[in-house]
Protein chains: 4
Amino acid sequence: MKAVVFKAPRELAVEQVDDPRIEEPLDAVIRITTANICGSDLHPYEGRAELDSGMVLGHENMGIVEEVGPAVNRIKVGDRVSVPFNLACGTCRNCNDGWTSACLRANPSGDPGAGYGYPKMGPYWGGQAELLRVPWADFNLLRLPAGNEHENDYAMLSDIFPTGYHGATMAQVSPGKTVAVFGAGPVGLMAAYSSLLKGAARVFVVDKEPDRLDLAARIGATPVDFSETDPGLAIMDATDGFGVDCGVEAVGYQAHDPSGEEHPEMVLDNLIEVVRATGHIGVVGVYVPEDPGAAYGLAKQGRLPFEYGQAFTKGISLAGGQCPVKRYNRELRDLITADRAAPSWIVSHEVPLDDAVDAYAKFDAREDGYTKVLLHP
Amino acid sequence: MKAVVFKAPRELAVEQVDDPRIEEPLDAVIRITTANICGSDLHPYEGRAELDSGMVLGHENMGIVEEVGPAVNRIKVGDRVSVPFNLACGTCRNCNDGWTSACLRANPSGDPGAGYGYPKMGPYWGGQAELLRVPWADFNLLRLPAGNEHENDYAMLSDIFPTGYHGATMAQVSPGKTVAVFGAGPVGLMAAYSSLLKGAARVFVVDKEPDRLDLAARIGATPVDFSETDPGLAIMDATDGFGVDCGVEAVGYQAHDPSGEEHPEMVLDNLIEVVRATGHIGVVGVYVPEDPGAAYGLAKQGRLPFEYGQAFTKGISLAGGQCPVKRYNRELRDLITADRAAPSWIVSHEVPLDDAVDAYAKFDAREDGYTKVLLHP
Amino acid sequence: MKAVVFKAPRELAVEQVDDPRIEEPLDAVIRITTANICGSDLHPYEGRAELDSGMVLGHENMGIVEEVGPAVNRIKVGDRVSVPFNLACGTCRNCNDGWTSACLRANPSGDPGAGYGYPKMGPYWGGQAELLRVPWADFNLLRLPAGNEHENDYAMLSDIFPTGYHGATMAQVSPGKTVAVFGAGPVGLMAAYSSLLKGAARVFVVDKEPDRLDLAARIGATPVDFSETDPGLAIMDATDGFGVDCGVEAVGYQAHDPSGEEHPEMVLDNLIEVVRATGHIGVVGVYVPEDPGAAYGLAKQGRLPFEYGQAFTKGISLAGGQCPVKRYNRELRDLITADRAAPSWIVSHEVPLDDAVDAYAKFDAREDGYTKVLLHP
Amino acid sequence: MKAVVFKAPRELAVEQVDDPRIEEPLDAVIRITTANICGSDLHPYEGRAELDSGMVLGHENMGIVEEVGPAVNRIKVGDRVSVPFNLACGTCRNCNDGWTSACLRANPSGDPGAGYGYPKMGPYWGGQAELLRVPWADFNLLRLPAGNEHENDYAMLSDIFPTGYHGATMAQVSPGKTVAVFGAGPVGLMAAYSSLLKGAARVFVVDKEPDRLDLAARIGATPVDFSETDPGLAIMDATDGFGVDCGVEAVGYQAHDPSGEEHPEMVLDNLIEVVRATGHIGVVGVYVPEDPGAAYGLAKQGRLPFEYGQAFTKGISLAGGQCPVKRYNRELRDLITADRAAPSWIVSHEVPLDDAVDAYAKFDAREDGYTKVLLHP
């Protein structure tokens with residue numbers, strides 16, 4: 001089959017590789033109809049996270065079931081399905097508790113959590129390809145309505161829509177709350193969108209890219225350009241000095257100031273400033289235990305000297321981590337099916353698999369308008 | 001009346017001061033029967049937190065209602081009552097939400113949260129005295145069974161029993177969970193005790209003081225002496241490498257290694273190591289936004305370079321802050337009344353008010369066995 | 001002042017009565033700007049619930065603070081406020097727990113729960129009048145933005161918007177859920193509206209009045225006319241035989257079939273049929289412990305022979321009771337202020353106080369279009 | 001193998017039947033070490049629920065894994081395991097949500113919920129036998145510590161300990177609450193025991209059998225003999241007229257008065273009387289949609305004319321249904337392993353499989369002391 005193969009940082013190829021096949025009785029093989037490029041695909045692309053040469057990329061996948069193993073009894077050949085980015089066994093303690101993001105059995109390294117085509121997430125090939133092998137298929141796959149309606153909306157179900165929603169959930173967004181989302185990349189925009197779906201009264205979105213801020217404004221959020229204004233002051237002003245109830249971190253360890261200098265503790269500090277006493281912060285921007293490319297020594301060790309003393313004094317809680325997609329994807333699918341949500345408003349580009357290398361380069365360069373790219377093999 | 005008056009760091013006096021009186025229609029005046037010395041009273045005592053000279057100390061108070069203002073209609077003269085350390089208005093947004101620890105109206109400074117006899121918590125005198133004025137008495141006071149039964153148990157209701165319980169609650173302790181509590185001071189011991197009341201299967205308590213570790217063992221917790229063993233390794237070993245479900249931080253910003261050197265990020269790091277992926281940490285040890293006496297520059301600004309990158313990777317949440325006592329004290333009172341809890345096992349000394357200066361000195365010196373001191377005026 | 005006074009069933013008068021005044025130090029007196037007629041006002045009107053002659057009616061009230069007692073310290077003269085229909089002390093155990101609907105101290109009868117101008121809810125006059133006395137004003141009153149913007153929206157905050165929302169909350173509506181609301185009176189419509197605000201994927205609304213079903217359709221709910229179709233079959237069909245996740249009962253003890261014959265167990269049976277196994281039902285339609293006017297003997301005693309055996313088998317839970325308005329009204333106010341909710345779409349008529357008698361008669365007759373009537377004194 | 005086979009009401013046989021074998025790739029076969037007789041086994045025994053002749057009885061099973069199918073990858077031959085009474089697929093929507101009690105795929109009838117050796121729960125043989133086939137073994141089986149320690153305690157994990165715990169959970173028991181459990185059969189006693197493990201301050205247990213009331217008293221609950229006293233009055237008196245916070249129904253549709261006459265609505269009425277306004281009732285006693293043997297016509301249809309009008313007025317919620325064992329059994333196992341729970345205090349008799357027929361007869365006759373019978377094949 002044809003696939004997007006990682007060779008080395010900034011060096012990808014679309015090339016022929018062996019077809020995946022049923023290896024275990026609970027496997028399925030999916031024919032990919034849509035696979036997205038994710039902002040976190042840029043971590044190995046930029047060399048900021050190590051990935052083996054030869055890995056097929058892509059963890060935001062959907063398609064049609066091509067073949068199932070002999071023990072698969074729920075999913076059928078021909079089903080249209082969404083594939084959560086977390087690959088999970090369905091029977092370990094964490095899966096039982098709904099934490100498929102920390103499956104104890106799927107990652108051969110023994111670390112909690114596995115996935116497709118991603119550093120440290122196991123040997124599983126990704127889905128930026130024609131075919132994808134999915135282990136424990138009955139547990140992992142979400143069935144979608146047959147046909148090709150809402151394709152780009154459903155394509156958001158494998159990662160960024162649930163991930164944004166997870167951020168809003170950890171931030172305890174509920175009807176009538178005020179929310180500040182830092183970062184208007186795809187996940188931040190989905191967090192803002194999810195906050196509104198959950199009934200938030202007001203949502204502030206902080207970024208410095210005009211096209212992303214425009215997308216935020218389009219769904220009814222209030223954009224805050226931190227290259228023009230101090231976001232803390234702006235949000236405190238707009239909330240009569242009280243701050244917001246809920247904060248979502250959607251930036252991660254590469255947080256940087258308007259000049260581009262990295263300050264990995266900067267956004268956490270911002271959130272602790274603007275979230276009201278007793279409020280909640282949900283962190284879905286990725287932070288890492290070690291980051292050799294970080295701006296300073298503590299950050300290289302995953303130590304972020306943010307204002308925890310202030311967070312404690314204000315009684316603010318922080319929850320964070322990878323989204324357990326399966327906890328949310330069914331309800332979000334149902335919102336799409338009922339025409340009550342349409343997350344594909346975020347999609348900026350759709351390209352065939354053959355154009356993937358170019359699309360990566362443009363997305364990485366944050367060329368104007370490259371917000372979210374979908375590959376249709 | 002006679003009261004324990006703060007003069008300057010390490011300089012207290014038991015002396016005559018004006019009797020408190022009804023100042024507002026919702027006030028009550030309480031005749032104190034028991035007022036405890038709290039570990040956090042040592043913060044101003046040691047000069048680590050600034051307090052005005054002349055302040056009457058004491059925020060762990062109980063007694064008999066002596067007088068009520070004309071608008072008080074629930075509490076009656078003669079009622080035996082516990083006084084939560086948080087002083088709260090009962091009608092602001094945070095009080096409505098059960099966050100009396102962040103009352104928006106009681107502290108004239110405008111900061112959320114008020115209290116008695118404590119730095120930055122407002123002008124309210126404490127209860128290490130014969131009498132105490134309690135504003136918004138109908139809202140703040142918890143009625144106790146008449147008489148003097150369980151006096152020392154009920155005395156724990158104003159702060160440390162609910163505070164330990166809050167730590168266990170934020171750590172999401174429930175039946176069958178495993179718990180690690182760092183710090184076996186009074187609050188840590190109460191967190192361990194609360195964890196067991198909530199049905200925890202196993203509770204580890206980490207400290208280096210043998211008398212405190214003995215107290216932990218007495219209630220069925222597993223003591224871990226971090227001056228003799230690496231607490232992370234010890235707990236990982238005892239949990240087959242999985243770690244614990246729940247962690248409680250009961251040490252705070254003066255965390256120090258066995259040699260006595262301060263490392264304010266040390267205990268948070270320990271917790272992130274021993275709490276399992278997707279687990280929860282409740283922080284009741286006090287961290288502060290600025291600490292001029294801290295060991296290093298970042299800590300002076302309340303910046304704690306702990307391993308947040310690892311916390312994110314493991315999907316661990318951190319909740320923390322002062323306990324909203326009123327959220328818990330009724331149920332804990334009922335457990336005492338029903339002989340199902342008896343937190344006075346922690347009390348090491350009971351002295352008259354006149355001996356308070358000496359008791360402070362010994363408690364501060366952590367003289368052997370000075371775990372919890374009660375003053376009976 | 002002028003007020004709507006209950007004389008006897010179907011006999012009201014708009015007449016002069018004594019002005020209310022500050023009786024207790026925590027009282028306020030409100031100048032009413034809007035007072036709604038509620039469906040439950042028809043219970044005494046129709047003689048189905050006993051009320052003392054001379055009572056001023058009206059529990060859906062808002063206005064401007066005219067005067068405050070000497071102990072009121074949060075609310076100020078001139079504040080624009082919403083008055084929750086539950087009148088609560090703010091300091092009893094149930095108020096502490098957020099159950100202002102079951103305040104233990106406000107009702108002189110000793111029964112939990114008090115209110116204005118309503119049978120068995122205490123001696124408190126209602127607000128279909130120029131002025132209203134509000135006890136424990138600091139606790140009970142919700143401050144609104146000054147001015148007269150959103151008047152009719154905010155007027156929904158004293159009862160029906162929170163009550164509908166409470167139904168949706170007890171039914172555990174959350175994003176992506178399917179919901180069936182039985183009854184398209186004002187409360188049922190508000191439950192449907194609240195379900196959508198909470199993110200429900202699909203909401204069915206069952207009634208037989210075309211104008212009410214039209215209102216349901218207008219907000220995006222699916223109307224089901226039970227005079228034309230079996231509502232159970234219709235909803236099961238529309239959900240592929242699975243039924244809905246959440247059910248809201250907004251009819252109450254006067255449930256009747258299309259012919260008008262009462263069957264007080266009918267709607268509960270319908271809900272148990274259409275709610276899926278493990279689903280949840282929230283009951284905000286009023287059921288009563290005794291109902292001398294009921295259709296049959298068991299119902300006279302408040303005994304409703306509904307299919308509880310089936311409810312148990314399906315693992316369905318039922319929660320119900322009067323709404324504790326204060327638990328929700330702040331967030332709902334904030335949604336209105338932010339233009340994210342506008343519940344006044346339900347208002348059919350606005351009349352001056354002088355026309356109240358006529359308005360009651362037409363509302364009781366369910367004259368076409370009389371959905372919700374607002375009195376502006 | 002040898003098994004307890006149902007022939008007809010009150011007609012059982014211990015006889016040779018075909019050995020169960022691996023039928024599907026996810027099956028396991030278990031060698032039973034302990035299988036309990038459950039009170040609900042008496043429903044078919046007494047002819048009150050229809051069961052096919054030839055069915056092997058027994059849904060409270062534990063043992064050692066004898067063989068696994070080719071797709072089983074978590075559970076290993078030789079593992080000591082507890083088998084939840086609910087048989088569930090692990091991948092349907094209800095299983096995903098933790099409702100294994102309402103699995104949508106395991107029961108060939110299409111009804112939610114499947115089990116072993118029980119009416120309407122599918123064709124699956126029970127475990128009162130030497131061997132048991134367990135479908136979807138990786139999902140369903142709970143691993144226990146190797147060896148034979150705590151055998152009788154762990155034997156309670158397949159049904160009655162989690163079921164009692166579920167009752168307490170649905171009743172929202174938490175530290176400091178007061179609880180009334182109606183019914184001191186094994187499930188009621190486990191509900192009382194679970195309430196105490198969850199930290200209840202006081203637990204009342206209502207029954208009329210002295211031996212069962214003695215068992216309740218032994219764990220610290222307060223026995224109430226309803227053949228000697230009105231249980232409503234007794235509990236209201238003991239709670240100063242307030243009633244209890246939480247109620248557990250552990251009797252079911254055969255509720256009867258001291259004379260033995262059935263009144264299936266009686267215990268629900270009792271609970272609505274003694275549970276305080278805003279309190280919660282958890283129902284684990286079984287109610288059925290149709291009961292041809294019922295005392296009166298409405299009850300034959302599963303219609304129970306209990307005082308729902310009063311329940312609504314008090315704002316009491318009712319949750320009920322079969323326990324999803326897997327939601328609780330891991331934590332309860334860990335409490336047993338840590339010596340913090342020992343539910344085998346309830347076991348009255350242990351007999352070999354050959355004596356099962358006699359044991360059923362004596363248990364059905366409620367011969368003195370026959371509380372809980374364990375079969376050890």
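Everything numeric in this text was worked out from a predicted model, so none of it was measured.
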Subject >> Inter-residue atom distance Leu271(C).CG - Ile281(C).CD1, 0.5 Å rounding >> reply: 5.0 Å
Original post:
Can you find a pair of side-chain heavy atoms, one from Pro231(A) and one from Val274(A), that are under 4.5 Å apart?
Top reply: no
Original post:
Are Pro343(C) and Ile336(C) side-chain neighbours, meaning at least one heavy-atom pair lies under 4.5 Å?
Top reply: yes
**OP:** Drop me the distance from Ile346(A)'s CD1 to Leu189(A)'s CG, to the nearest 0.5 angstrom.
**Re:** 4.5 Å
**OP:** Under 4.5 Å heavy-atom distance to chain A, tell me which part of Leu196(C) shows up: side chain, backbone, both or neither.
**Re:** both
**OP:** Have a look at Val206(A) and tell me which of Ile235(A), Leu213(A), Val181(A) forms a side chain to side chain contact (heavy atoms under 4.5 Å, CB included) with it.
**Re:** Ile235(A)
Scan chain C against chain A and return every donor-acceptor pair whose distance is under 3.5 Å.
unit_1: Lys177(C); atom_1: NZ; unit_2: Glu331(A); atom_2: OE2; d: 3.4
unit_1: Leu196(C); atom_1: O; unit_2: Arg340(A); atom_2: NH2; d: 2.9
unit_1: Ala200(C); atom_1: O; unit_2: Arg340(A); atom_2: NE; d: 2.8
unit_1: Ala200(C); atom_1: O; unit_2: Arg340(A); atom_2: NH2; d: 3.0
unit_1: Glu331(C); atom_1: OE2; unit_2: Lys177(A); atom_2: NZ; d: 3.3
unit_1: Arg340(C); atom_1: NE; unit_2: Ala200(A); atom_2: O; d: 2.8
unit_1: Arg340(C); atom_1: NH2; unit_2: Leu196(A); atom_2: O; d: 2.9
unit_1: Arg340(C); atom_1: NH2; unit_2: Ala200(A); atom_2: O; d: 3.0

Subject >> Heavy-atom contact with chain C under 4.5 Å, split by part of Ala200(A) >> reply: backbone
**OP:** Among the options Ala338(C), Pro175(C), Gly220(C), pick out the one with the most heavy-atom pairs lying under 4.5 Å from chain A.
**Re:** Pro175(C)
Original post:
Roughly how far apart are Leu157(C) CG and Met62(C) CE, rounded to 0.5 Å?
Top reply: 8.0 Å
**OP:** Kindly indicate whether the side chain of Met156(C), heavy atoms from C-beta on, has any atom under 4.5 Å from the side chain of Leu332(C).
**Re:** no
**OP:** With the side chain counted from C-beta on, respond yes when Ile219(A) and Val203(A) share a heavy-atom pair under 4.5 Å apart, and no when they do not.
**Re:** no
Subject >> Proximal component of Leu197(A), with respect to chain C [non-hydrogen, under 4.5 Å] >> reply: backbone
